[in-house]
Amino acid sequence: MRVELSVNGDLYRRESEPDLTLLALLRDVLELTGTKWGCLTGDCGACTVLVDGEPIVSCLQLARQVEGREVTTVEGLAGNGALDSLQAAFVSNGAAQCGFCTPGMIVSAEALLRARPSPSEAEIREALSGNLCRCTGYNKIIDAVLEAAGSRGAAA
Amino acid sequence: MTVTQETNAAEELRVVGKRLPKLDAPQKVTGQTVYAADVHMPGLLYGAILRSPHAHARIRSIDVSAAEQLPGVRAVIHAGNVEQRPYGYGQDNIPLKPDKVRFVGDEVAAVAAIDEETAHRALELIRVDYEVLPAVFDPFESLAQEFPLIHDELPDLIGNVSMRWDFEDGDVDAAAAEAAVVVEGDYSSPQAAPAPIETHAVIASFAPDGHLTVWSPVHMVFMYRKELADCLGLDWRHITVIQPPVGGSFGGKIDIDPHDFITVMLALQARRPVRLVMSREEEFIGTRTRQPIHIRLRTGADAEGNLLFRDADVVSDNGAYNGWGSHAMLVAMNTITSMYRVPNSRIRSSVVYTNKNYGGSVRGFGNPQATFAVEQQMEELADALGIDPMDLRLRNANQSGDVTPQGMEITSCGLSECLRIVREQSGWDERRGKLRERNRGLGAAALIHVGGGARIYGSDGCGAIVKVDDSGQVTLITGASELGQGSETTLAMIVAEEMGVPLDAVHVINSNTDVKPWDVGVHASRTTFVAGNAARMAAAKARDQLLETASELLGAPIDELHVRDGTVEVVGAPERQIDYARLARRRLLREEGSVVMASAFYDPPTQKQVDHRGNISAAYGFGAHVAEVEVDPGTGMVRLLNLWTAHDVGRAINPMSCEGQIEGGAAMGVGLALSEELVIFDGEIVAPNLHDYGMPTTADVPRIVVNLVETIDPLGPFGAKGVGEAGIIPPPAAIANAIADATGIRPRAYPMRPWKVKEWIDTEERSHVIENGSPVDG
Ligand code: FES
Ligand code: FES
């Protein structure tokens with residue numbers, strides 16, 4: 001079957017098996033390997049992407065279910081090669097160690113900041129509770145999200 | 001907070017000591033980093049492994065004919081059609097099992113096919129005829145009886161005991177007779193998993209001339225290459241190991257595993273590149289775990305609280321094969337003899353085989369397990385003596401200049417300082433023992449761990465090359481590996497400091513065995529110390545080459561030159577200056593020119609222990625944690641409210657990165673303490689997924705307070721010591737002590753999951769009722 005969807009602003013049309021997941025479409029067909037996976041069972045959040053602005057775990061979503069919708073992956077956040085404020089805050093706060101959870105973590109945080117521009121720490125913890133990180137203990141990730149919220153607030 | 005015990009005013013540091021972001025972070029936050037599973041190449045095949053469904057069985061026969069005939073299958077291998085030799089510590093393992101499987105998950109056969117689906121269909125077509133054997137899962141049963149014998153092929157083995165390691169120093173029995181108080185108890189730990197978010201992935205490709213290239217997220221690349229060659233009968237001069245960026249390891253990727261060999265054998269048979277990526281389930285079932293260690297411990301002290309002895313019987317349940325995991329016992333031994341000053345100590349230990357997934361070298365390597373016992377007994381002892389546990393610890397704390405019973409020479413030691421800091425920050429003196437009516441409690445634990453290498457192999461060394469090219473760019477080529485822990489940035493900072501250049505002038509190459517100088521590999525929290533010293537030495541030599549040329553050109557002796565931001569100036573006459581790029585070109589672009597390049601190999605002054613004695617590390621790290629918990633007596637649920645930590649890091653080369661190691665380590669320690677466990681039933685891991693495994697989330701890990709104590713180690717690079725493993729060590733003990741403070745119940749095992757804590761509370765209540773003589777109602 002054929003799926004048509006927009007990924008990071010580009011329109012793609014591809015032949016796909018009916019059981020192809022969105023994750024496999026992104027990574028294996030479109031070769032957008034920025035999105036990671038750590039489980040394929042919905043437990044780790046490493047594969048999180050935005051579909052029409054909503055965060056979803058792409059390992060549990062079929063590609064055909066996002067037909068005609070807008071998908072944003074970590075590769076779609078940085079504008080013109082520059083880091084977006086959330087990415088910059090992850091860098092400056094030491095929120096990425098091995099970096100494997102980072103794309104999913106940043107996408108989940110992006111969804112949060114779009115919905116709630118100045119979240120409390122408790123709201124950040126809640127929004128990121130489906131994203132596992134084995135390296136950082138989360139402190140620096142929460143600091144990064146707080147800082148990005150602050151800098152976006154200041155810029156607005 | 002950073003506390004520096006001594007400062008050397010003459011030494012002004014410009015890069016070292018700054019909170020600098022990791023050099024590789026921008027690629028990581030944009031998704032550009034290419035991990036092993038992201039590598040694409042033409043003709044790539046997909047590998048998959050058939051694993052034993054039985055915990056112990058003889059393989060009568062394997063029939064792969066149907067799998068071989070499936071279209072799209074390019075290789076099907078099993079012990080009958082490959083060349084392989086035993087490998088591993090004690091040569092007790094082999095990649096594809098020829099006659100016997102010893103745990104659920106043991107490798108039996110493998111396929112390579114044009115896509116994943118075909119590979120898995122082919123696995124289903126392989127017929128294995130097993131004769132199921134009785135299995136043993138309990139290490140004490142395995143220790144006591146000789147049947148069933150797990151490694152009947154190893155002639156020297158007695159029963160299922162793979163190792164017996166005993167140590168004695170002083171006279172424990174005499175000390176016990178003198179002691180005013182002796183506490184005694186059994187302490188156990190579960191099988192746990194390192195569980196990095198990136199599962200294992202490996203790619204193997206043979207060139208037409210037979211040269212093998214392997215991409216694998218390992219951290220001991222040179223040893224890996226040798227083991228590949230030895231086991232598969234390959235010429236190791238024709239193997240290149242490339243380490244792609246690693247998505248976390250925590251020791252899980254130290255050991256070479258059967259799947260590494262299997263991927264190479266598949267590529268050899270298929271004559272095409274093969275990639276094998278572990279599923280999460282396989283990661284739990286088929287890669288290395290943290291071994292359960294069971295410790296019966298006695299500690300005694302005199303009436304003033306001076307420790308007199310420790311006496312331990314230890315059983316380490318390392319599963320079906322040794323791996324390096326068998327050696328976790330030795331680290332546990334170091335803690336039992338050397339955490340605090342203990343004049344007399346005795347340990348009898350056995351490492352036993354059981355029919356379970358086997359142990360590896362997971363972060364902390366035996367130390368969280370041992371600390372759980374040792375540090376609970378410090379508080380039990382203090383309570384029995386009526387002394388504050390912090391006072392007891394301070395009275396017995398290790399100090400600089402001590403030599404421990406095992407011959408560990410403690411040069412720099414900030415233990416007392418760490419204890420004082422967490423005592424004060426947690427409000428220990430006012431709050432410990434006084435929160436029980438609110439179901440809250442405080443508990444502490446300290447740690448000792450190697451921080452200056454660890455001589456396990458012949459060498460404990462690491463090589464480094466520093467070069468400066470015609471643009472003035474400095475490149476460090478290091479033997480060390482980056483696993484996410486930040487070694488790349490730390491080493492670049494050391495080079496930048498030594499060379500007098502900004503950090504962004506330094507590039508790091510660290511991932512290819514053809515290029516990088518030899519290193520033992522990442523283990524034992526050794527990289528900052530060992531690779532850091534090597535990098536610093538090479539940088540100093542390269543800088544001296546530039547200064548020699550500068551001295552000629554500027555007409556000033558070397559000791560009157562000064563480097564700032566990559567420019568050499570004459571002291572007192574800064575207008576007489578020349579930058580590194582021009583100096584490098586002046587050396588290069590002339591007749592009989594030369595490149596600016598220097599190498600160094602640093603092997604720390606450490607000793608391989610003989611009879612468990614010897615100075616195994618050139619420096620030791622220390623630390624102390626205080627945990628505050630709230631226990632719900634109705635459900636047994638333990639909530640960690642606060643964790644205060646202080647770590648003696650020697651010198652924080654990059655404080656942000658030290659904090660990251662400590663916070664991440666402590667979070668893993670919290671997981672060990674409260675939730676993480678591979679629950680095994682009849683030899684099978686019950687729910688091999690991240691959710692049931694119990695990895696902590698943002699909801700479980702509170703804000704962790706980190707204090708860095710700088711003791712400026714005499715041998716560390718700029719005084720630094722290792723800190724990679726330290727954070728994970730105290731939490732299980734500190735949290736157990738906090739639960740004891742909150743409830744009066746002494747936890748004897750972790751993870752302290754709600755149902756278990758509830759059971760302890762109920763048992764305790766029942767015993768009170770019986771003691772008080774009143775009948776139980778209903
Ligand atoms: S890979 Fe999708 S949630 Fe883990
Ligand atoms: S940075 Fe490694 S898993 Fe989060």
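Residue numbering restarts at 1 for every chain, and letters A, B, ... go by the order of the sequence lines.
Both the backbone and the side chain of F100(A) have a heavy atom closer than 4.5 Å to some heavy atom of chain B. At a 4.5 Å heavy-atom cutoff, the contact between E198(B) and chain A is made by backbone and side-chain atoms alike. Proximity to chain A is limited to the side chain of V277(B), based on heavy atoms less than 4.5 angstrom apart. Both the backbone and the side chain of K140(A) come within contact range of chain B, each with at least one heavy atom under 4.5 Å from a heavy atom of that chain. Only the side chain of Y693(B) has a heavy atom closer than 4.5 Å to any heavy atom of chain A. With a 4.5 angstrom heavy-atom cutoff, L132(A) touches chain B via backbone and side-chain atoms both. With a 4.5 angstrom heavy-atom cutoff, D84(A) does not touch chain B via any of its atoms. In this structure, the portion of V246(B) lying under 4.5 Å from any heavy atom of chain A is its backbone and not its side chain. Only the backbone of T33(B) comes within contact range of chain A, with at least one heavy atom under 4.5 Å from a heavy atom of that chain. Contacts of S129(A) with chain B are made by both backbone and side-chain atoms, with heavy-atom separations under 4.5 Å. For a residue to count as touching a neighbouring chain, one of its non-hydrogen atoms must lie under 4.5 Å from one of that chain's; by this rule P696(B) touches chain A with backbone and side chain alike. The part of L483(B) that comes within reach of chain A is its backbone (N, CA, C, O), which places non-hydrogen atoms under 4.5 angstrom from that chain. Interface residue I106(A): only side-chain heavy atoms are found under 4.5 Å from chain B. Both the backbone and the side chain of A195(B) have a heavy atom closer than 4.5 Å to some heavy atom of chain A. When heavy atoms are compared at a cutoff of 4.5 Å, T33(A) approaches chain B by way of both its backbone and its side chain. With a 4.5 angstrom heavy-atom cutoff, P196(B) touches chain A only via backbone atoms. Both the backbone and the side chain of Q661(B) come within less than 4.5 Å of a heavy atom in chain A.
Side chains of N707(B) and Q425(B): a donor-acceptor N/O pair is present below 3.5 angstrom, by distance only. Checked by atom type, the side-chain pair T136(A)/Q97(A) shows no donor-acceptor distance below 3.5 Å. A side-chain donor-acceptor contact under 3.5 Å links T73(A) and N8(A). A donor-acceptor contact closer than 3.5 angstrom links the side chains of N93(A) and E147(A). For the residue pair N654(B)/T490(B), the side-chain donor-acceptor check at 3.5 Å is not satisfied.
Of all the listed residues (T697(B), V670(B), V34(B), L690(B)), the one sharing the greatest number of non-hydrogen pairs under 4.5 Å with chain A is T697(B). Comparing A78(A), C44(A), A46(A), S92(A) by heavy-atom pairs within less than 4.5 Å of chain B, the highest count is held by S92(A). Interface check for chain A: of the options D38(B), V701(B), D24(B), the most heavy-atom pairs under 4.5 Å are formed by D38(B). Contacts with chain A were tallied for K28(B), E659(B), E283(B); K28(B) has the most, counting heavy-atom pairs under 4.5 Å. Heavy-atom pairs under 4.5 Å with chain B were tallied for E31(A), E75(A), M105(A), K36(A); the largest tally goes to K36(A). Between chain A and the options P26(B), G664(B), S657(B), A37(B), the largest number of non-hydrogen pairs under 4.5 Å is found for G664(B). Taking A96(A), C135(A), G34(A) one by one and counting their heavy-atom pairs under 4.5 Å with chain B, the maximum is reached by C135(A). The residue among P194(B), G671(B), G486(B) with the most heavy atom pairs within less than 4.5 Å of chain A is P194(B).
Considering OG of S279(B) and CH2 of W37(A), their distance stands at 7.0 Å, rounded to 0.5 Å. To the nearest 0.5 Å, the span separating OG on S58(A) from CG on L26(A) amounts to 6.0 Å.
Here the closest heavy-atom approach between residue A89(A) and residue A144(A) is recorded as CB-O, 3.3 Å. When all heavy atoms of H120(B) and A48(B) are compared, the closest pair comes out as NE2-CB, 4.0 Å.
Applying the 6.0 Å contact sphere to NE2 of H691(B) captures no more than 12 heavy atoms from other residues, nucleotides or ligands. Atom CZ of R639(B) sits in a sparse spot, with 12 or fewer heavy atoms from other residues, nucleotides or ligands closer than 6.0 Å.
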### Task
Just do the salt bridge (Lys or Arg N to Asp or Glu O under 4.0 Å) check on D143(A) and R703(B) with the steps written out, would you?
CA-CA 10 Å; D143(A) 290 342; R703(B) 283 279 170 183; 2.7 Å; yes
### Derivation and outcome, side-chain contact (heavy atoms from CB on, under 4.5 Å), residues E482(B) and L491(B)
CA-CA 10 Å; E482(B) 167 72 34; L491(B) 296 175; over 6 Å; no
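The existence of a salt bridge linking R125(A) and D700(B) is excluded, since no basic side-chain nitrogen approaches an acidic carboxylate oxygen closer than 4.0 Å. Look at R116(A) and E110(A) and you find no salt bridge, because none of the NZ, NE, NH1 or NH2 atoms lies under 4.0 Å from a carboxylate O.
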